[in-house]
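Bear in mind that the values here come from a model prediction, so they are computed numbers and not experimental data. Excluded from the calculations below are hydrogen atoms, water molecules and symmetry mates; all remaining heavy atoms, backbone and side chain alike, are included.
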Amino acid sequence: MGLDKPPKRSVKTADTIFGIIEYLLETGGTGVTEIAASQDLAESTVHSHLATLLNHEYVVKEGTTYRMSLKHLDHGIRTREELLLTQAGRPVIDELSNDTGEVAWVLVEEHGKAVYLLKSTGEKAVRTRGRIGKRTSMHDIAAGKAMLAHLPESTVEDIIGEFGLPERTENTITERDELYEELETVRERGYAVNRGETIRKVRAVASPIIWEDDVCGAVGVAGPKHRMSGDRFTETLPKKVLEAADTIELELEYR
């Protein structure tokens, strides 16, 4: 199994439409002139594509400003709810967050990125950069490393080749050999950690979710450095996320 690669040929019209959609997402909404300039397109072309998106209810027009519609929300929620991992993971991370007081997540890998699928917030949870649906790099987060450790080496190589190992903080692993050493450690102990590799003062612990001999996701908890330290970080929380992963795997097995 390797990283999904785009076909050598694509439909230019579709590329243009998705370029417009991505720009609307990036800006939160804007007008025809701005879109045309950003995409190097004629305003008439942009207007035609926006009219099509408007007719199909994928954008909303407010005065001269276009923004994404909530129809995308419907598609995303339906897609998520159809996943067995969603059904199996939700009650488990609710218990995990209640037990630890921290924010608990379930993530999956898609197209070489880690995607935040489920979230549950404990009473002491702090805000992090994660959000439901966010797609992010895998090498600098605990859940991402937990999944990378159980993907085929060819897939890991494809992911590194496609996205590199960008530095988020001074703690981020940015060298291939060091990452492979870290992934070997993850396989040996069963869980991965993030020692301020994405945000300096935030740490996390995550365990892979293995189903039918493949990694289908990861479950973990994240919190501030002052609470994610000592035996709690090296023993207590790893034990809890390993138990959570085991529970989710059993739920998947019997669904």
Side-chain angles (χ1 to χ4, degrees), residues 1-11 14-15 18-19 22 79-80 83-86 89 105-118 128-200 202-222 238 241-242 244-246 248-249 252:
M1 180 175 64
L3 179 64
D4 290 339
K5 298 289 186 64
K8 293 182 179 179
R9 294 193 305 171
S10 59
V11 179
D15 285 341
F18 283 115
E22 292 288 346
T79 301
R80 183 180 70 168
L83 295 176
L84 288 178
L85 184 56
T86 298
W105 296 96
V106 170
L107 291 88
V108 297
E109 179 270 329
E110 189 175 85
H111 297 298
K113 294 288 187 72
V115 184
Y116 290 85
L117 182 72
L118 296 171
T128 66
R129 290 181 180 175
R131 67 173 187 276
I132 297 297
K134 181 179 180 180
R135 310 170 77 84
T136 189
S137 53
M138 301 182 70
H139 70 290
D140 59 305
I141 63 173
K145 288 189 283 186
M147 291 186 284
L148 284 173
H150 294 275
L151 289 174
E153 185 173 331
S154 60
T155 302
V156 177
E157 278 295 314
D158 285 345
I159 291 171
I160 295 172
E162 180 74 17
F163 303 109
L165 300 172
E167 182 177 340
R168 309 300 183 194
T169 74
E170 66 273 18
N171 300 318
T172 308
I173 294 175
T174 58
E175 298 295 331
R176 180 184 267 100
D177 289 346
E178 185 181 355
L179 177 62
Y180 275 113
E181 289 178 7
E182 178 89 351
L183 298 183
E184 178 62 30
T185 300
V186 172
R187 285 188 288 271
E188 290 174 355
R189 68 188 178 195
Y191 66 91
V193 297
N194 174 355
R195 301 179 182 87
E197 297 162 52
T198 310
I199 303 173
R200 286 192 302 108
V202 174
R203 289 182 170 183
V205 182
S207 179
I209 300 167
I210 309 294
W211 184 40
E212 297 183 343
D213 297 323
D214 288 322
V215 59
C216 66
V219 57
V221 293
V241 298
L242 285 166
D246 286 345
I248 293 172
E249 289 168 5
L252 288 170

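Looking at every heavy atom in both residues, Met147 comes nearest to Ala114 through CE-CB, 4.2 Å. Considering every non-hydrogen atom in both Arg203 and Gly196, the closest pair reads CG-N, 4.0 Å. For Trp211 against Cys216, the heavy-atom pair with the smallest separation is CB-SG, 4.0 Å. Pro238 and Val205 make their closest contact through CA-CG1, 3.8 Å (heavy atoms, listed as atom of the first residue, atom of the second, distance). In terms of heavy-atom proximity, Gly190 sits nearest to Pro208 at O-CD, 3.4 Å. Nearest heavy-atom pair across Val241 and Ala206 is CG2-C, 4.3 Å.
In this structure, CG in Leu252 is found 7.5 Å from CD1 in Ile248, a value given to the nearest 0.5 Å. Expressed to the nearest 0.5 Å, how far OG1 of Thr172 lies from CD of Glu178 amounts to 10.0 Å. Atom CD1 of Ile173 sits about 8.5 Å away from atom CG of Leu165, to the nearest 0.5 Å. Considering CD1 of Ile209 and CG of Asp214, their distance stands at 13.5 Å, rounded to 0.5 Å. Here Ser207 contributes atom OG and His150 contributes atom NE2; the two are 7.5 Å apart, rounded to the nearest 0.5 Å. Here the CG atom belonging to Leu151 is positioned 5.5 Å from the CE atom belonging to Met138, to the nearest 0.5 angstrom.
Annotation for Glu153: atom CD does not count as buried by contact number, only 12 or fewer foreign heavy atoms lying within 6.0 Å. Around atom CD of Glu175, no more than 12 heavy atoms belonging to other residues, nucleotides or ligands sit under 6.0 Å away.
Between Ile141 and Glu197 there is no side-chain heavy-atom pair separated by less than 4.5 Å. Between Glu167 and Thr174, some side-chain heavy-atom pair lies under the 4.5 Å cut-off. Side-chain contact between Leu117 and Leu107: absent, with no pair of heavy atoms (C-beta onward) separated by less than 4.5 Å.
By the side-chain hydrogen bond (donor to acceptor under 3.5 Å, both in side chains) test, Asp140 pairs with Ser137, Thr198, sequence neighbours left out. For Arg187, the side-chain hydrogen bond (donor to acceptor under 3.5 Å, both in side chains) partners two or more places apart in sequence, or in a different chain, are Glu184. Checked against ring-ring contact (aromatic ring centres under 6.0 Å, His included), Tyr116 has the following partners two or more places apart in sequence or in another chain: Trp105. Checked against side-chain hydrogen bond (donor to acceptor under 3.5 Å, both in side chains), Glu22 has no partners two or more places apart in sequence or in another chain. With sequence neighbours left out, the side-chain hydrogen bond (donor to acceptor under 3.5 Å, both in side chains) criterion links Arg80 to no other residue. Taking the side-chain contact (heavy atoms from CB on, under 4.5 Å) definition, one finds that Arg135 meets it with Glu110, His111, Lys113, Val115, sequence neighbours left out. Listed by chain and residue number, Arg189 satisfy the side-chain contact (heavy atoms from CB on, under 4.5 Å) test with Thr185 (two or more places apart in sequence, or in another chain). Take Arg176 and apply the salt bridge (Lys or Arg N to Asp or Glu O under 4.0 Å) test, not counting sequence neighbours, and it matches Glu157. In this view, Thr79 satisfies the side-chain contact (heavy atoms from CB on, under 4.5 Å) rule with no residue, not counting sequence neighbours. For Glu181, there are no side-chain contact (heavy atoms from CB on, under 4.5 Å) partners two or more places apart in sequence or in a different chain.
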